[in-house]
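Numbering starts at 1 and runs along the sequence shown. No hydrogens, no waters, no symmetry mates; every other heavy atom, side chains included, goes into these values. Counting starts at 1 for both ligands and their atoms, following the listed order.
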Amino acid sequence: MKNPLSPKALLLSATAAVVAVGSFYSCTTGSARSENVLVGDAASKVYVAPGKYDEFYAFFSGGYNGQIMVYGLPSGRLLKFVPVFSQNPETGYGYNEETKAMLQTTYGFTPWDDAHHTELSQTDGVPDGRWLFINGNNTPRVARVDLKTFETTEILQIPNAAGGHASPFTTPNTKYIVSATRFSVPIPNTDVPIDSYKQNFKGTLSFITADQPGKMDIAFQILMPGFNYDLGHAGKGPSDGWFFFTTYNTEQAYEKLELNASQNDKDFITAVNYRLAEQCVANGKAKNAPADYFHNVMDEKSRIAHSERKSSVKMLSPKDCPGLVYYLPTPKSPHGVDIDPTGEYIVAGGKLATVIPVHSFTKMLRAIADKQFESEVQGIPVLKYSATLAGEVQKPGLGPLHTEFDGKGNAYTTMFISSEIVKWKLGTWEVLDRMPVYYSPGHLMIPGGDSKKPWGKYLVSLNKITKDRYLPTGPELAQSAQLIDISGDKMKMLLDFPTIGEPHYAQAIPADLIKGNSLKFYKLSENTHPFVTRAEADGGITRQGKNVHIKLIAIRSHFAPDNLEGVQVGDTVYFHLTNIEQDWDIVHGFAVLGAENAEVIVAPGETRTLRWIPKTTGIYPFYCTDFCSALHQEMQGYVRVSAPGSNVALTANISAKARSQAMRAQALPNQDHKGMEMASGSR
Ligand code: RUQ
Ligand code: CUA
């Protein structure tokens, strides 16, 4: 199937690479250039025929939209948005009463965050398709998405932290995920002069237990000097048991960081021996420190989220646990830190560095044993650069940020400033290939590319600047992702596709590891929601003071009850809707005139609640918002709202059975059907 690359194409792609370097701001010629790097069979390599499945699921973080986008690869087809730190009108997440608790934080209801890194759970260092984690940067949080349901099922707030950026990277068996502070702040946070930074500001590295769903918690925090902690990755194989974090602003600047945090020739990679941390905690070396944070969990059976507020964490200070932390000097304001599949090499992306430095784990252990320290920072030994260095990739390009691996001994690094992906060889550090990308790539992603076993077939470049890549859509454009074939010696550009928000990172996994586990519906018999309605005749309306609870069912194509009276102005009404279907992909929705909340979408077998406060008397229609059947447009009902103190009795009409589908099909010839459709005015 594969066409050998013609010499002409090679020449063209080499020319394109040269032209692209350093000239990405002259965007008007961008499209022309990228056509040059396309190879003849690119279209067939990304074509997934109608009705066929993609080979990989890819999970892109939504950046400042707080969500996750699920794409199929290689087609680049968008499959789903998973809301995490957001309210989502498509699913009702964060709007319906059952999910609001997911977004609870100590700052109040927080339906927004800046979500940077998707991270698949791992077994023995390999992505396993059970869960997907993602971090919230602004109000530091980590979330778990269950890949059976593609739903956010758990969110843990990170206390004593600000800017949860180095997160939620996992250890090889998902025992822990981590979160490190990007911003140092006083810990506990308190009112101090900003210029007391050096004296009062600290960082924390949080290790979060993650292998038991519903039970995430802070296992311990490590109190660190007041630097900025940027990214992290766990060791694996020989380096299993260690965690590595990039560390910048070792200058401890607190103003004009652009200049003042770029002074030092080298910053650090922080190496943490977390097995030793476990021992120190077990031996009572950690202190109980005050903390204030929420843990929110979606109950599997009732499908209702609950919040718990917690007040303390185990805080470990490096000086109470000697050998816990070492600093590895690393040029210059490093961003990404990536561990190769063997676990031996620790690759840093020094944003302002002219080389890509690679540390050796073996040499690091030796340097520690031989005490090859150049200094100490607040009791933390700083190892000698020459003692841990395995090699440097020379002249890689400009602005290295992130590196992933193909499992065949090669590494791929994004060059933000020179807008290219650079392929280089582990061990010899020679540059093997370059591919211009459009424009300014941040992360790149190879399925399993940060794990022990990359599926090294494709690479996705996540580009920060789009400019002329797509039809213009005003001042803000979709972000651009580019799919590159890395199965051969030379990279081949296959596809451009847009992404929404600002995807920082993405991860991908073979579809086979997920698709067979996908839940088709919730079992109605297992629904423990207190307001579940299991059968048509069980619905009804009840009053508790000013609160009115309406229990109703949805089934193709009606609600029962569908006529409700006795509601008064001043009441708060709760519609508890149970979808009693037990069939895949048959969801119903609910909306009522004047509802200020998003619609409620209810999956088969589950119960969802819409809260509604009618403000004036009158008749209020409600209807199904999901086109569920041929008679979807008949799926409606009425609520009568009377004046306060009115003597209209509470009644719920449960005669819906009488209006069964068959009867209606009979009673509604085409003519009437159309008339009703127009009258309902909803389409
Ligand atoms: S980031 S572009 Cu992961 Cu937030 Cu590097
Ligand atoms: Cu149910 Cu439309």
Asker: Would Arg608 count as a cation-pi partner of Phe590, with NZ or CZ less than 6.0 Å from the six-membered ring centre and within 45° of the ring normal?
Answerer: no

Asker: Which of the atoms in ligand 1, numbered in the order shown and given with their element, are less than 4.0 Å from a heavy-atom of His117?
Answerer: 1 (S), 3 (Cu), 4 (Cu)

Asker: Would you say Met635 has an N, O or S atom lying under 2.8 Å from atom 1 (Cu) of ligand 2?
Answerer: yes

Asker: For His116 and Asn137, which I'm curious about, is there any donor-acceptor pair between the side chains at under 3.5 Å?
Answerer: yes

Asker: Is it the case that over 12 heavy atoms from other parts of the model lie below 6.0 angstrom from the OH atom of Tyr574?
Answerer: yes

Asker: Can you list, by chain and residue number, the protein N, O or S atoms under 2.8 Å from atom 5 (Cu) of ligand 1?
Answerer: His335 NE2, His402 NE2

Asker: Is there a donor-acceptor pair closer than 3.5 Å between any side-chain N or O of Glu251 and the backbone N or O of Asn264?
Answerer: yes

Asker: Evaluate the criterion side-chain hydrogen bond (donor to acceptor under 3.5 Å, both in side chains) for residue pair Ser206 and Ser179; output intermediate values, then yes/no.
Answerer: CA-CA 5 Å; Ser206 299; Ser179 177; 5.4 Å; no

Asker: Check His588 and report its N/O/S atom nearest to atom 1 (Cu) of ligand 2, by atom name.
Answerer: ND1

Asker: Any donor-acceptor pair under 3.5 Å linking the side chain of Thr499 with the backbone of Phe60?
Answerer: no

Asker: Would you check if there is a donor-acceptor pair between the side chains of Ser121 and Thr174 at a distance under 3.5 Å?
Answerer: no

Asker: Atom 1 (Cu) of ligand 2 to His632: any N/O/S contact under 2.8 Å?
Answerer: no

Asker: Can a cation-pi geometry be assigned to Lys351 and Tyr248, taking NZ or CZ under 6.0 Å from the six-membered ring centre and within 45° of the ring axis?
Answerer: yes

